[in-house]
Structures are given as C-alpha cells and as structure tokens.
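Shown next, in structure tokens, is the structure this report addresses.
Every number for a ligand or one of its atoms is a count from 1 in the order of the listing. Only a predicted model underlies this, so the values are computations on that prediction, with no experimental measurement involved. Positions are given from 1 along the sequence.
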Amino acid sequence: MRYKILFFVLLATFCRADDGYRLWLKYDLIKDPGQRAAYARSAQFIVLTSNSPTLKAAADELQTGLRGLLGKTVPIVASAKTGGIVLSTNPNQPQVNDEGYQIVGKQNITISSKTDAGVLYGAFAFLRHLQTQQPIANLSLTSNPKIQHRMLNHWDNNDGSIERGYAGGSLWKWYELPERIDPRYRDYARANASVGINGTVVNNVNASSRFLTAEYLKKVAALADVFRPYGIKVYLSVYFPAPRTIGGLKTADPLDPEVNKWWAEKVNEIYKFIPDFGGFLVKANSEGQPGPQDYNRTHADGANMLAKALAPHKGIVIWRAFVYKADPNGDRFKAAYEEFKPLDGQFEKNVIVQVKNGPIDFQPREPFSPVFGMMPKTPLGMEFQLTQEYLGFATHLVYEAPIFKECLDSDTYVSGKGSTVAKVIDGSLHQYPLTAIAGVANTGSDRNWTGHPLAQANWYAFGRLAWDHTLSSEAIADEWVKMTLTQEPRSVKTVTDLLLKSREIYVNYNTPLGLSRPWTGVHFAPEPWQNRSPRPDWTAVYYHRADSIGLGFDRTASGSNALAQYHPEVQKQWNQLETCPLPYVLWFHHVPWTKKLSSGRTLWEELCTRFYTGADSVRWLQQQWAQVKPDVDAETFADVTGRLATQQKEAIWWRDAWVLYLQEYAKQPIPAPYKKPDRTLREVKELVDVYLTR
Ligand code: BDP
C-alpha cells in the first residue's frame with residue numbers, strides 16, 4: 001500500500017505539466033547524485049546572523065533553492081563551523097560597489113556585500129551557479145552592477161488593462177489592494193531581484209492622476225512593502241497637470257509658486273506612505289499628453305520643478321525624451337535630439353532623461369538614438385521595450401538580447417573610438433552622477449507571466465544586461481535555457497541557437513533593410529498601404545516613402561539630414577548608399593528599385609530575398625523546436641509549437657503584404673527561385689481588415 005501511494009506521488013510529481021509560473025527559478029532536482037552530493041557538502045547550513053528582512057529573504061531563497069536542487073532541507077542557523085553558506089553584510093567590503101557582491105568558497109561559502117541587497121543578489125547568483133551546474137570548489141566570484149537604477153516600466157492602467165500588454169491583464173489587483181496581497185507580488189519581486197532589477201514603475205506613462213490620490217497611494221505603498229525586502233523601489237508615472245485635475249488649481253505651470261507648493265506637498269505625502277519611494281517617471285508633451293510646453297515652459301522647467309520637490313527625500317525624476325510633433329515637413333527621427341540637446345546642462349541633479357534605444361519607436365531594428373553621447377552634462381537613461389509591441393506580440397518568437405546589445409555596443413564616437421552607448425548610459429563616458437536603464441515590462445496576469453513561454457527570456461536578459469552590459473546574448477540565453485527549459489546539452493544548444501537567430505528572422509519577414517512601421521494602430525497587422533491619419537507621421541507611407549523611383553527615407557543632406565545629428569564618424573558609416581550597411585540602408589537612403597546593393601542584388605531582389613528567406617526560416621524554427629521535444633516539459637513544448645505555427649502563418653502574411661504592395665511601385669516580377677504569393681494584394685488587404693475589425 002505504502003509503495004502504491006509513493007508511486008502515485010511520484011507519478012503526480014513527474015507528470016505535472018510545467019505551467020511556466022516558476023520562471024527561471026525552478027530549482028528542479030539536480031539529476032546527477034554525485035553532483036548533488038558535492039554541492040550538499042558545501043551547503044550543510046545557511047548562516048544568518050541578522051534579522052534584516054532582505055537577508056532573511058536571501059536565506060529563504062537559498063533554502064527554497066537548495067531544497068529543490070538537492071532534495072533536502074538545509075537549516076538556517078545563527079552560527080556554525082564549516083561546510084555552510086554564510087551571508088555577510090560588511091560596509092567596508094573591498095572590491096564591490098554598493099550592490100555588488102563577492103562569493104568566496106573556502107571552508108565556508110561566504111556571500112558578502114556592502115549592503116543587504118548586494119548579499120541578496122549574491123545569493124541568487126550562487127543559486128544560478130548551481131542551477132547551471134558549475135563547479136563550486138574554490139569559488140571566487142565578484143560582480144558589480146554597472147548601472148544604478150535597473151528598472152521595469154509597467155504600462156499598467158488602473159482599470160487592470162495594460163497598454164501594449166500581451167500576457168493578460170495587469171499583475172496589480174488595484175481593487176483588492178491594499179487589504180489583500182496577492183502572493184504573486186512576492187514572486188514578481190523574487191524574479192526581479194534574481195536578475196538585479198531594483199526599481200519598478202507600476203503605472204502607465206500615459207498616466208492617470210488617480211495614482212497620486214491617497215486612495216491609490218495606500219495601494220502602491222502595500223506593493224512597496226512587498227518589494228522592499230527584495231531591494232526594489234517603487235516609482236510612479238505622473239500626469240503633469242495633476243495640480244489641476246486633482247489639486248483644484250487653475251494651472252499646472254511649472255513656474256507657478258502654487259503649483260510648486262502643490263507638488264512639494266504631494267511628494268511629502270507620498271513619502272509618508274512610502275518612505276523609500278523612488279521618484280517619478282514623466283511623459284510630457286508627447287503624443288497628446290500635456291506638459292510644460294502648454295505653458296511655454298521647457299522640458300527642463302517641468303522636470304526641475306518635480307526634481308526640487310523630490311530632492312529632500314532623495315527621489316529622482318525620470319523625464320522621457322520620447323517626443324515628436326505632427327510636422328508634415330519634419331522628420332520624427334530628429335525630434336528628441338532637437339528638443340533635448342539644447343537643454344543639456346539645464347536639469348537639476350536628480351533628473352535623468354530617459355531615451356528610447358532608437359530615434360523612432362522600438363522598431364524591430366533601429367539605429368541608436370542620436371541623443372546618446374550628445375548630452376554630456378545630463379544623465380541619460382536607456383529605455384528598451386520588452387513587451388513585443390512591434391515584435392509580433394506574444395505569438396512571434398523574438399529573443400531581444402541581440403536588440404539590446406546592438407544598441408549598447410554601438411559606437412557614438414563622441415569621445416573617440418569606443419564611446420559606446422553602453423558607456424554613455426553607465427556613466428563612464430561623461431561621469432554621470434546618476435545612471436539608469438529601463439525595460440517596458442512584458443509581464444501580465446497570464447500564468448506563465450509573459451504569454452509566450454520563451455518571452456520570459458527577454459525579461460531575464462534585460463535584467464542580466466542591466467546589471468552587466470558586457471554579457472553576451474549567447475551566454476545569457478544559455479543560462480536561461482538551462483535554468484528554465486532543459487539541461488540536455490544538445491537541446492540547450494538547439495534552443496540557444498534558435499533564440500539567437502529569432503530576431504534576424506523576424507526582421508527579415510517584417511521590416512528588412514531598414515524598413516520600419518511605427519504608424520498608428522495595433523502595431524501588428526501589416527499595412528504598408530496605410531496613408532490616412534490625423535497626423536502624417538502616423539501613416540505607413542510617411543516612413544517607407546515607396547514611389548516609382550525607389551524606397552526608403554532619405555536622411556542624408558539631400559533629405560531630412562537627420563544624419564547630421566550623429567558624430568561625423570557615424571555619419572561616415574551611414575551617409576553613402578554604397579557603403580551603408582544593408583540593415584540600415586532604408587533608414588537613411590531613398591534607394592532606386594534597380595540599384596545594385598553590396599550583396600550584388602538589386603534593391604528589389606534583395607527585398608524579396610529577405611522577405612522570402614525570413615518567412616521560410618520560421619519553418620526552420622519549427623523544425624529546430626520539434627527536435628527538443630524529448631527534453632522539455634510537454635505543456636511548454638505544445639504551447640511553443642502552437643505559437644510557432646501561428647508565427648509561420650503570419651510571417652507569410654507579412655511577406656505577402658509587403659511584397660505585393662511594393663511590387664506595385666517596383667513593377668518587377670518576384671525573382672526566381674521565389675514563388676509569387678498565392679494571394680492578391682486585395683486579398684491580403686481584406687485579411688488585414690478582418691484582423692483589424694475583429
Ligand atoms: C508607443 C506606444 C504607445 C506608448 C508610447 C510611449 O505605441 O502606446 O504610449 O510608445 O512610449 O510605442 O509613450
């Protein structure tokens with residue numbers, strides 16, 4: 001009978017499908033008993049000598065992790081001899097910055113840092129080490145975050161929806177808070193802390209002033225209480241005219257003394273609720289949002305007003321540079337630089353200007369924003385997007401680390417060769433006193449957090465790169481796969497490879513050669529023909545400029561001259577059509593259809609080649625994924641298989657839409673060996689209409 005019960009328990013354990021909830025913190029039993037025993041010898045107990053909530057969180061995590069990995073409960077003790085893990089905060093710890101950690105293995109494994117948060121990061125790093133089954137004999141690891149503020153930006157609304165969210169509704173149950181604390185909040189904090197994320201903006205940049213009312217501040221404070229032990233500070237997006245909308249004032253003019261007073265009092269109130277509140281994120285005078293320019297003031301005036309209110313509490317202002325006007329003759333590409341560069345040096349010390357990675361808007365591929373490097377006297381933060389607004393939502397597979405790396409590794413040349421964007425934002429180039437990096441979150445209420453199971457890798461990769469931008473996309477993918485999906489070497493290699501190639505495949509069938517598609521709408525369906533909108537820069541034709549001569553946006557001196565915003569060395573790389581790298585060619589040039597490119601093919605041939613190989617490569621993704629079936633959880637396998645099938649169908653849809661539309665201008669046949677699409681342009685348009693009205 002006992003055996004029977006045991007059998008069923010084991011069966012239930014092993015047959016339980018993995019719903020993805022545990023993310024990369026799975027801590028599944030290490031299969032090799034020898035390896036388990038070796039780890040267990042060094043992890044006989046966990047020494048915790050303080051009652052700090054953060055160190056307690058670290059000890060608890062170690063205990064949870066070791067229980068799973070080693071299959072035994074490792075006790076938490078107050079002191080011990082040898083053979084255990086010691087957690088130690090030492091303000092004089094050498095070789096580390098405030099949140100950095102050291103892990104040294106001698107008779108004990110000591111995880112130490114200047115701060116409790118650093119020890120927590122060390123504990124997660126140690127667990128990662130075991131999860132990826134690395135040796136721990138003579139362990140000696142030192143790691144320091146290169147950027148101070150490593151944050152998620154949630155575009156979550158108070159009605160539970162998420163702007164550009166594709167993984168269900170908001171994680172935050174505003175209607176239950178502050179009384180009921182969903183256990184998920186803690187798991188969210190654990191996941192973030194495990195990769196070193198230390199800040200979260202909980203509400204949408206298109207902000208509602210409700211978040212500043214006492215009713216909501218209590219709710220936000222309840223979240224902050226859960227996140228605090230995990231080293232995570234809470235921030236709020238603010239609605240600039242809040243002094244009018246909830247303060248009863250007649251104006252929100254940042255130079256008005258009453259307005260200043262209102263903000264100062266509001267900030268004092270916030271700190272009563274949340275003593276370690278991080279600060280404000282602001283979208284102002286952007287896409288219809290109000291801002292200081294409504295009162296003929298500058299972005300600096302607006303940011304500084306808030307900064308002064310926050311300064312006594314050590315809070316910061318993160319002011320977004322995502323601005324562009326509806327100018328029929330302008331080039332949206334140039335907007336952020338034109339508005340912000342003249343303000344360099346005019347911001348208060350606790351202001352960071354947050355710049356999107358590219359000049360337009362989170363496109364599948366963009367050159368780096370020309371603002372980077374050009375504001376040496378103003379700390380610039382990075383804004384990446386994890387949620388796949390332009391990357392096929394939660395059905396297309398796009399591993400984003402290569403997008404982040406491409407931008408971070410770009411050379412601005414502003415202080416000579418090697419002045420990378422990474423060095424701008426980590427502060428090393430211009431000695432910024434404040435540094436920040438943000439990812440627009442891809443999390444939601446879906447059980448697996450991110451909708452697409454493999455999109456968890458994007459959250460993970462963002463955190464790892466925010467901590468250390470020198471890590472490679474490949475190393476991060478390898479780590480994530482081993483912790484999340486499988487440890488079988490062949491399958492690890494297969495999935496890592498598939499992740500690494502996924503972005504380029506997407507670009508090829510979606511926006512090759514420097515096409516972009518940031519026009520208004522859902523940002524999913526292909527609509528290159530879209531030419532009607534209240535603003536010219538919300539149409540497709542504004543961006544691709546297809547005509548009888550060719551395709552692409554001339555941003556050289558003969559066109560908008562946006563290129564002039566870059567350092568001359570960068571201009572040199574991009575301003576000649578002949579030498580401009582193909583991935584950027586249509587970003588900067590209007591290229592004749594018959595022009596021979598560096599590939600030896602004409603523009604039209606090259607476009608077709610990319611669209612067709614891109615769409616075909618989704619089949620390759622499917623084939624690769626099929627091979628890992630024996631080594632990954634059945635539920636995850638089926639989920640990804642289904643999404644890849646949708647992606648395959650949609651990749652062809654994208655290809656057909658672009659190719660058939662552009663063909664009207666290029667007036668050439670589809671080159672061999674590619675087959676003409678099975679449908680007509682009209683049929684594709686009908687499909688898009690159905691999609692958009694469903
Ligand atoms: C665009 C999104 C829009 C955001 C905006 C922003 O389409 O929903 O509000 O960016 O970043 O990409 O403010």
Side-chain angles (χ1 to χ4, degrees), residues 151-159 161-167 169-170 201-209 211 235-240 280-293 299 302-303 317-326 332-333 335-336 339-340 352-366 369 371 380-394 398 400 403-404 407 436-444 458 462 510-511 516-527 530 533-535 537-540 542-543 692:
M151 342 201 4
L152 286 186
N153 289 181
H154 290 271
W155 287 357
D156 293 22
N157 301 312
N158 56 347
D159 65 1
S161 63
I162 305 181
E163 179 148 346
R164 313 301 179 184
Y166 313 107
S170 175
V201 184
V202 294
N203 63 321
N204 191 355
V205 285
N206 296 315
S208 152
S209 20
F211 283 96
Y235 298 71
L236 283 173
S237 296
V238 294
Y239 185 57
F240 196 78
F280 293 146
L281 173 65
V282 193
K283 172 174 178 176
N285 293 119
S286 161
E287 298 188 328
Q289 289 293 331
Q293 292 176 341
H299 285 288
V317 174
I318 304 168
W319 193 272
R320 298 176 84 226
F322 178 67
V323 293
Y324 59 102
K325 295 205 175 71
R332 175 174 169 184
F333 192 113
E339 287 208 38
F340 280 86
I352 300 182
V353 172
Q354 182 165 295
V355 184
K356 287 189 181 181
N357 57 294
I360 303 275
D361 192 8
F362 299 138
Q363 294 305 292
R365 171 170 276 123
E366 288 193 52
S369 164
V371 180
L380 296 180
M382 171 66 74
E383 182 173 320
F384 286 128
Q385 193 182 45
L386 316 187
T387 189
Q388 293 180 227
E389 177 179 356
Y390 294 99
L391 298 174
F393 295 3
V398 182
E400 295 166 341
I403 306 183
F404 308 154
C407 177
I437 183 165
V440 179
N442 61 351
T443 50
N458 293 333
F462 167 75
N510 198 276
T511 46
S516 61
R517 51 180 192 90
W519 54 88
T520 187
V522 292
H523 296 167
F524 188 88
E527 296 174 272
Q530 199 265 64
S533 160
R535 296 175 56 150
D537 53 359
W538 285 353
T539 64
Y542 172 92
Y543 293 96
L692 291 177

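With ligand atoms numbered from 1 in the order given, ligand 1 contributes 5 (C), 6 (C), 10 (O), 11 (O), 13 (O) to contacts under 4.0 Å with heavy atoms of Phe322. Taking every non-hydrogen atom of Asp361 and a distance limit under 4.0 Å, the qualifying atoms of ligand 1 come out as 1 (C), 10 (O), 12 (O). Of all atoms in ligand 1, listed by their number and element, those nearer than 4.0 Å to a heavy atom of Trp155 are 4 (C), 6 (C), 10 (O), 11 (O). Which parts of ligand 1 touch His523 is read off a 4.0 Å heavy-atom cut-off, strictly below it: atoms 7 (O).
Under a 4.0 angstrom heavy-atom cut-off, Arg320 registers as being in contact with ligand 1. Heavy-atom separations between Gln289 and ligand 1 are all 4.0 Å or longer.
Comparing Lys356, Lys283, Glu389 by heavy-atom distance to atom 10 (O) of ligand 1, the nearest is Lys356.
Contact between Ser516 and Thr511 at its shortest, heavy atoms only, is CA-CG2, 4.0 Å.
Contacts of Gln385 with ligand 1, taken as heavy-atom pairs under 4.0 Å, are absent altogether. When heavy-atom distances to ligand 1 are checked against a 4.0 Å cut-off, Asn206 comes that close only through its side chain, counted from C-beta outward.
Closest to atom 5 (C) of ligand 1, if we only count protein heavy atoms, is Glu287 OE1, 3.3 Å. The closest protein non-hydrogen atom to atom 8 (O) of ligand 1 is Glu163 OE2, 2.3 Å.
Between the side chains of Tyr543 and Arg332, at least one donor-acceptor pair of N or O atoms lies under 3.5 Å. Glu400 and Asn442 share no donor-acceptor pair across their side chains, judged by distance under 3.5 Å alone. If you check the side chains of Asn206 and Gln289, you find a donor sitting under 3.5 Å from an acceptor. Inspection of the Asn510 and Tyr390 side chains reveals no N or O donor paired with an N or O acceptor under 3.5 Å.
Atom CG of Asn357 and atom CD of Gln385 lie 9.0 Å apart (nearest 0.5 Å). How far NE2 of His154 is from CD1 of Ile162: 8.0 Å, rounded to the nearest 0.5 Å.
Inclusion of Arg164 in the set of residues having an N or O under 3.5 Å from an N or O of ligand 1 is warranted.
Using bins of under 30°, 30° to 60° and over 60° for the plane-to-plane angle, the ring pair Phe393/Tyr166 lands in the parallel bin.
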